[in-house]
Amino acid sequence: MSEPGVVEGWDARTYAWRDWSLDDLRAAKGRTTVSLVVPARNEEATVGAVVARCREVLLETADLVDEIVVIDSDSTDGTYAVAADAGATVHRAAEIRPDLGSHRGKGEAMWKSQFVTRGDLTVFMDADLLDWDTHFVPGLLGPLLTDPQVQLVKGFYERPGAEGPYEGGRVTELVARPLVALLFPPLAGLVQPLAGEWAVRREHFARLSVPTGYAVELAALVDTWRTRGVDAIAQVDLGRRSHSHQPLLDLGAMATQILTAAWARSTHSHHADAVALTQFLPGADGVAAHVVEVPVVERPPAAGCP
Ligand SMILES: O=c1ccn([C@@H]2O[C@H](COP(=O)(O)OP(=O)(O)O[C@H]3O[C@H](CO)[C@@H](O)[C@H](O)[C@H]3O)[C@@H](O)[C@H]2O)c(=O)[nH]1
Ligand SMILES: O=C(O)[C@H](O)COP(=O)(O)O
């Protein structure tokens, strides 16, 4: 086992959010425009606070964000109304460019966001954040505003829990990290490869193929590395973050999507729109198998769309 520390090659592109003051960032921003995009599915309990705090601090006070856009991803609760009341521009993913069809999923909401936002830079933030702060956004903007070579910035953070502060979640540790180790080793220095808090240059994102589900993060990293080189990716320590946890079986679907996107990016290729995932639940006579059709549709680069 090697000595603990930053993985070789990543030290120069690993930052902390305190590395820039708001004044530094405002000066670097100049006429560059920034969209904060929050994909949200059934997040009425938390999306209001995410939007309201970002609006007050980043849009109205610090003048660092030019628009806050919530993409309502087929919610069946009050997400749309809560986000709108908190001051976001809200769009239903299915209603954006209906001529392009509609799919379920977080990646779909993020892909569709490109047709309703106008920022030169896009910052993505999850809507289910519990322990977080608005400095996430300036932290993620730092490398993009100060280094023209950087195309994509990934957040990382302590994740409070029994496992240890810098260990990721279950999918991160059991799927993403082993995959990166096997197939994409130059990305192994990323502390939280699946973090939902990341930022990207609009022009670069528009040239990426985007899995409609939870593989959007891993795909963006791999494709950025392949097309622009590993130096186009930076990561920023954002402090602490906690979020609501999904049930294990739902994470099985997430893992399947991530594995599919990784497989498509390895020397093998995959062309189906869904993967059948068999899971097991207690049944009347013991264990019962359930097959879940996990969607793995992938959108083409938005830049090629009419
Ligand atoms: O169909 C969906 C599902 C989720 N979301 C939103 O996406 C964000 C993150 O979703 P969540 O289910 O909380 O994901 P996690 O279990 O926390 O998964 C982690 O790992 C995923 C895989 O990389 C990332 O996409 C997530 O951002 C990251 O938080 C939240 O705002 C959700 O409301 C959608 O917009 N549409
Ligand atoms: O990043 C992950 O692996 C998923 O978000 C799951 O996280 P959790 O195990 O902390 O719920």
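Atoms within a ligand are numbered from 1 in the order they appear, just like the ligands themselves. Side chains are part of it too, since the values below use all heavy atoms of this structure and drop only hydrogens, waters and symmetry mates.
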What part of Arg241, side chain from CB on, backbone N/CA/C/O, both or neither, has a heavy atom under 4.0 Å from ligand 1?
side chain

Under a 4.0 Å heavy-atom limit, does Arg41 contact ligand 1 with its side chain, its backbone, both, or neither?
both

Tell me if the CD atom of Glu203 is crowded by more than 12 foreign heavy atoms within 6.0 Å.
no

Between [X] (side chain only) and [Y] (backbone N and O only), is there a donor and an acceptor less than 3.5 Å apart?
X	Y	value
Asp72	Ser75	yes
Glu95	Arg92	no
Asn42	Thr76	yes
Arg240	Trp132	no

Numbering as shown, the atoms of ligand 1 that approach [X] to under 4.0 Å (heavy-atom distance):
X	answer
Glu43	30 (C), 31 (O), 32 (C), 33 (O)
Glu217	22 (C), 23 (O), 24 (C), 25 (O)
Ala40	33 (O), 35 (O)
Ala127	30 (C), 31 (O)
Ser73	1 (O), 2 (C), 34 (C), 35 (O), 36 (N)

Would you mind checking which non-hydrogen protein atom is closest to [atom], with the distance to 0.1 Å?
atom	value
atom 29 (O) of ligand 1	Asp126 OD2, 2.6 Å
atom 10 (O) of ligand 1	Tyr214 CE2, 3.7 Å
atom 16 (O) of ligand 1	Gln246 NE2, 2.9 Å

Given Glu67 and Ser35, is the side-chain hydrogen bond (donor to acceptor under 3.5 Å, both in side chains) satisfied, shown in steps?
CA-CA 5 Å; Glu67 60 177 355; Ser35 303; 2.6 Å; yes

